[in-house]
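Atoms within each ligand, like the ligands themselves, are counted from 1 in listed order.
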Amino acid sequence: AATKSLSDVVPVPASVVPDARQAFQLSWRTVIFTQAGSAEAARVGRQLADVLRPSTGFPLPVVPSVSAHSGIALLLGHADPRVGQEGYQLTVNRSGVVIRANAPAGLFAGIQTLRQLLPAKVENKHRQSGPWTVPGGRIVDFPRFAVRGAMLDVARHFFSVAEVKRYIDQLAQYKINQLHLHLADDQGWRIEIPGWPRLTSYGGSTEVDGTPGGFYTARDYSELVAYARSKYITVVPEIDMPGHTNAALASYAELNCNGVAPPLYTGTDVGFSSFCVDKEITYKFVDDVIRELARLTPGEYLHIGGDEAHSTPPADYVRFMDRVLPIVAKYGKKATGWHEITKANPSTTTVPQYWGVGAEDAGMAAAAAKGHQILLSPADRSYLDMKYTPDTPLGQDWASLIEVDRAYGWDPGKFLANVPESAIRGVEGPLWTETITDSADIEFMAFPRLPALAELGWSPAATHSWPSFRSRLAHQGARWTVQGVNFYRSPQIPW
Ligand SMILES: CC1=[NH+][C@H]2[C@@H](O1)O[C@H](CO)[C@@H](O)[C@@H]2O
């Protein structure tokens, strides 16, 4: 097979200087060297070996060594200053590959690129014939925005630890670095909270369409956090409030203003539920929830929702948020929330997550002017639950139909009127799961649109090119076929 081009990678690297004379052949003799004294570099080296060993059949020992090499070297320090804490430089010549970064996260990003520079069959779990050629040259690569995220709604339909880990594996290949878990909504509460057992035993017992739900124990959640961390993905947990709270209200009558618990809800309407802003128990409950989430979450942000509080009078919404936001800070975390949260008086460390349609005026210009960093999830561009076309069997269409070209065809740095690129924290692709029930469904909606969003969040604006992206995406399709990813074969892409 012809050697690939050095820039045949998604997200496309920031700078690529090919040198066809310097291709490297993996072989029996290839050793993976990692920065001496760095346990994280060694772990990244083992993760690379875990991909390469089954398909190549080569031993590929991982050796902590400081010096030169004739193999693959993962080194820390003295990298090009442009690469920052998440970028890397990757140099390929006849004697081997050197990936150099300032921090382990950069090494991890570099091995995702290296994977893609090898033929798709390298992703096979069974021995394949070679050759295993890496194209020669030099890459210097680093992210444009701090956050490239994915949200999985585990409330409308519950997803097991194994299903979430599978999704994490897929996200990591595209340099996604944030996984936002939507852990509670009207249809289900999905994480155990000490002192409030009915939240999960009852509030977690069902889901949309009434099938059995499920929930994460503290152990399950910590296992997901650790697994994501090993792939340099930060988990952001969300408890949506004061709206989208029927599961909690159904579980504890005392949380309701009228002292009566509503029934469990298995439909898909929104906006009908609200915490009781006037009851003190509400804030005791929220304090217990946020304390537990903060205890289990090493990441600096907790998401407190705030969307569609149509059953909370506007003045009550502000009072509620103005009591809850300080609770997040009390437990040492920063808050993020859907963009309505700016109606209250959040501190400027709070990150509004914009979910409007198009560049509608949701107060984001004012928020940016106040100093907020904004996370972009425009519903008509990034919502992975939107149908591709009218014929898409899964998903919804209230915001827009989103084929691949629409998912790719925008610039996060210029999307919101009067919001400068410097106020954009990054992008995130929400997958709401009213119609999504298993990994195959997740993959059908996320691939290929999430890699498009990942490129918008990672690659320089100057590299943005639909013709380039669609041909690189076609080559990703071959990898997904080998990996068993159930992707949508968009007619727009020359798979
Ligand atoms: C932030 C937000 N609130 C709503 C809206 O997005 O649309 C989603 C479906 O697309 C729905 O599931 C969600 O509850």
Quiz item: Just wondering, are more than 12 heavy atoms of other shown residues or ligands nearer than 6.0 Å to CG in Asn418?
Solution: no

Exercise. Apply ring pair (Phe, Tyr, Trp, His ring centres under 6.0 Å) to Tyr317 and list each qualifying residue two or more places apart in sequence or on a separate chain.
Key: none

Quiz item: Which of the atoms in ligand 1, numbered in the order shown and given with their element, are less than 4.0 Å from a heavy-atom of Gln396?
Solution: 9 (C), 10 (O)

Exercise. For atom 5 (C) of ligand 1, find the nearest protein heavy atom and state the residue, atom name and distance (0.1 Å precision).
Key: Trp355 CZ3, 3.5 Å

Exercise. Please say whether the positively charged group of Arg472, taken as NZ for Lys or CZ for Arg, lies over the ring of Phe469, i.e. under 6.0 angstrom from the six-membered ring centre and within 45 degrees of the axis.
Key: no

Exercise. Decide, yes or no, whether a salt bridge links Arg470 with Asp405 under the criterion of side-chain N to carboxylate O below 4.0 Å.
Key: no

Exercise. Answer yes or no: is there a side-chain heavy-atom contact under 4.5 Å between Glu292 and Pro194?
Key: yes

Quiz item: Can we say Lys165 and Asp169 salt-bridge, meaning some charged N sits less than 4.0 Å from an Asp/Glu carboxylate O?
Solution: no

Practice problem: Please identify which atoms of ligand 1 are closer than 4.0 Å to at least one heavy atom of Trp338. | Solution: 1 (C)

Quiz item: Does the side chain of Gln173 come under 3.5 Å of the side chain of Gln476 through a donor N or O and an acceptor N or O?
Solution: no

Quiz item: Closest non-hydrogen protein atom to atom 12 (O) of ligand 1, residue and atom name please, with distance?
Solution: Glu434 OE2, 2.6 Å

Quiz item: Has Arg489 got its NZ or CZ under 6.0 Å from the middle of the six-membered ring of Phe444, at an angle within 45 degrees of the ring axis?
Solution: no

Exercise. List the closest protein heavy-atom neighbour of atom 6 (O) of ligand 1: residue, atom name, distance to the nearest 0.1 Å.
Key: Tyr383 OH, 2.8 Å

Quiz item: In terms of side-chain geometry, is the basic nitrogen of Lys175 or Glu86 positioned less than 4.0 Å from the acidic oxygen of its partner?
Solution: no

Exercise. Quick one: look up the protein heavy atom nearest atom 4 (C) of ligand 1 and list residue, atom name and how far away it is.
Key: Glu308 OE1, 3.1 Å

Exercise. May I ask whether Gln353 has any heavy atom positioned less than 4.0 angstrom from an atom of ligand 1?
Key: no

Exercise. Would you mind listing which atoms of ligand 1 come within a distance below 4.0 Å of any non-hydrogen atom of Asp385?
Key: 9 (C), 10 (O)

Practice problem: Pull out every atom of ligand 1 sitting under 4.0 Å from any heavy atom of Met386, numbered as shown with elements. | Solution: 10 (O)

Self-check item: Proximal atoms of ligand 1 relative to Trp398 (non-hydrogen, under 4.0 Å)
Solution: 7 (O), 9 (C), 10 (O)

Practice problem: If you have a sec, work out which protein heavy atom is nearest atom 14 (O) of ligand 1 and how many Å separate them, to one decimal? | Solution: Arg156 NH2, 2.7 Å

Quiz item: How close does the nearest protein non-hydrogen atom get to atom 3 (N) of ligand 1, and which residue and atom is it?
Solution: Asp307 OD2, 2.7 Å

Quiz prompt | For His244, atoms of ligand 1 separated by under 4.0 Å from a heavy atom | solution = 14 (O)

